[in-house]
Amino acid sequence: MAKRAPSAKRINRTLFIAGMLVIPILNFVIFWLGVNFNSILLAFKGIKNGTEYWTFNNFKYLYEEFFVYSDSNMRLYLKNTMLFFSMGAFIITPISLILSFFLYKRIFGYKFYRVMFFLPSIMSAVVVSSLFKYLLGASGPIAEFYKMLHGVEYAPAFLSETEYALNSLIVYGLWTGIAGNFILYCGAMNRIPIEVVESARLEGSNCRTELIHIVIPMIWPTFSTTLIFMVVGIFSSSGNILLLTHGVTSTYTLSYWIFDQVKTFQSYYVPSALGLVFTLIGFPIVLITRHLLNKVYADVEY
């Protein structure tokens, strides 16, 4: 029996699918695969007299910066990076979870709080940064309050003095980062069957037990996913340095240092090596974190 020729409908469907896939595939090949492959090659290259050559000097330089020189700037950049990561993982994430729970419980004025907490996340970073710079500026309300409190004529430059700049970035990160996972957490909580919550109430549970023994276990897949994504970016954690401090007064992080090296000095070799090293270090950390998080609670289907 002879095979039937493909129908025009099937051919058109195949051509449509191919046409829709060709653009994302090309985008992946050119802008991800090509760029990252070239970055790996750059990590093993140097330049001398305008000529590129193969070398391991980039990795030697990084080793000396992190493990040999006690006054290395790289150590400070790593310390600041870990500080921002810890702030996100151990302060912002728990606060976001607790605030999401109270909004889920529809406390008095929850609609107002929902807008107020989420507002910085939907506004442009440039606008929020400009507002923050005004608040901390020489004529801003924070400066005026400082002068009144201490009885001085001038307030410190909070974003350009070493004593205050890093702490100002931390405050900004707390202000703008708390609502980062509101939608995910609130959406997951609102999916919890009301029968489960009502049954727990009949058993005499309060808000604390409901959060710990019902809400967190049932939204654990969502919560653990956000934690994994956070660990993925452990070495790229950074405050809004570009718009606030430009890296001055010891506020550099590793990610901003890479940006500055490429933008200001057109230096690609050491930043590429640094990115490769942290990828090799971060990959097993992500796998271990994922393995440990999967052991805390089993996935719940509801």
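Source: prediction; values computed, not measured.
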Honestly curious: do Leu287 and Ile228 fall in one hydrophobic cluster under the side-chain, below-4.5 Å linking rule? no
Verify, without hydrogens or angle tests, whether Thr93 (side chain) and Phe90 (backbone) share a donor-acceptor contact under 3.5 angstrom. no
Flag if over 12 foreign heavy atoms under 6.0 Å of CZ, Phe67: no
Mind checking whether Ile288 and Val296 sit in one hydrophobic cluster, side chains of I, L, V, M, F, W, Y counted as touching below 4.5 Å? no
Would you say the side-chain atoms of Thr209 pair up with the backbone N or O of Ser205, donor to acceptor, closer than 3.5 Å? no
Please determine whether residues Phe223 and Met218 belong to a single hydrophobic cluster, defined as Ile, Leu, Val, Met, Phe, Trp and Tyr linked transitively by side-chain heavy-atom distances below 4.5 Å. yes
Hey, are the side chains of Asn12 and Phe16 touching, using non-hydrogen atoms and a 4.5 Å cut-off? no
For Ala43, does its backbone N or O pair with a side-chain atom of Asn58 as donor and acceptor, under 3.5 Å? yes
Leu97 side chain reached by Ile219 side chain, heavy atoms, under 4.5 Å: yes
Checking the side chain of Asn206 only, and the main-chain atoms of Arg208 only, is there a donor and an acceptor separated by less than 3.5 Å? yes
Over 12 foreign heavy atoms within 6.0 Å of CD1, Ile183: no
Phe235: which of Trp257, Phe283, Phe278 passes ring-ring contact (aromatic ring centres under 6.0 Å, His included): Phe278
For atom CZ of Phe229, is the number of surrounding heavy atoms from other residues, nucleotides or ligands below 6.0 Å larger than 12? no
Check this for me: Met148, atom CE, are more than 12 non-hydrogen atoms of other residues, nucleotides or ligands nearer than 6.0 Å? yes
For Glu65, is there an ion pair with Arg75 - N to carboxylate O distance below 4.0 angstrom? no
Residue among Tyr61, Phe66, Tyr269, Tyr77 satisfying side chain to side chain contact (heavy atoms under 4.5 Å, CB included) with Leu274: Phe66
Atom CD1 of residue position Ile23 - does it have more than 12 heavy atoms of other residues, nucleotides or ligands inside 6.0 Å? no
Without hydrogens or angle criteria, can the side chains of Ser250 and Thr162 be said to hold a donor-acceptor pair below 3.5 Å? no
Using the rule that two of Ile, Leu, Val, Met, Phe, Trp, Tyr join whenever any of their side-chain heavy atoms come within less than 4.5 Å, decide whether Tyr154 and Leu136 are in one cluster. no
Would Ile142 and Phe145 show up in the same hydrophobic cluster when neighbours are defined by side-chain heavy atoms closer than 4.5 Å? no
In terms of ring plane angle, is the pair Tyr256 and Tyr252 parallel, tilted or perpendicular, where the classes change at 30° and 60°? perpendicular
Only one of Leu159, Leu169, Leu244 passes side chain to side chain contact (heavy atoms under 4.5 Å, CB included) with Thr251, and that residue is Leu169
Is there a side-chain hydrogen bond (donor to acceptor under 3.5 Å, both in side chains) between Asn240 and Ser129 once you walk through the steps? CA-CA 8 Å; Asn240 198 346; Ser129 299; 2.8 Å; yes
Phe182 side chain reached by Arg114 side chain, heavy atoms, under 4.5 Å: no
Establish, from distance only, whether the side-chain atoms of Tyr104 and Asn190 form a donor-acceptor pair under 3.5 Å. no
Contact between Leu227 and Thr289 at the side-chain level, heavy atoms closer than 4.5 Å - yes or no? no
Pair Thr226, Tyr185: side-chain N/O donor-acceptor within cut-off below 3.5 Å: yes
Give me the ring orientation class for Phe56 and Phe59: parallel if the planes are under 30° apart, tilted from 30 to 60°, perpendicular past 60°. tilted
With a 3.5 Å cut-off and no angle check, do the side chains of Thr253 and Asn80 form a donor-acceptor pair? no
Counting C-beta onward and ignoring hydrogens, is there a side-chain heavy-atom pair between Asn167 and Phe158 closer than 4.5 Å? no
Sidechain-backbone polar pair: Trp175 side chain, Ile170 backbone, donor-acceptor under 3.5 Å: no
For Tyr268 and Gln261, does a side-chain donor sit closer than 3.5 Å to a side-chain acceptor? no
Under a 3.5 Å cutoff, is there a donor and acceptor pairing between the side chains of Ser139 and Tyr134? no
Under the 3.5 angstrom rule, does the side chain of Ser199 hit a backbone N or O of Val196 as a donor-acceptor pair? no
My understanding is that only one of Ser237, Ser255, Ser236 makes a side chain to side chain contact (heavy atoms under 4.5 Å, CB included) with Phe84; could you say which? Ser237
Asn57: which residues meet the side-chain hydrogen bond (donor to acceptor under 3.5 Å, both in side chains) condition with it, sequence neighbours left out? Thr55
Whether the Ser39 and Asn36 side chains hold a donor-acceptor pair (N or O, under 3.5 Å, no angle test) is what I'd like checked. no
What residue pairs, at least two apart or across chains, pass side chain to side chain donor-acceptor pair (under 3.5 Å) with a residue in residues 144-153? Glu144-Lys147
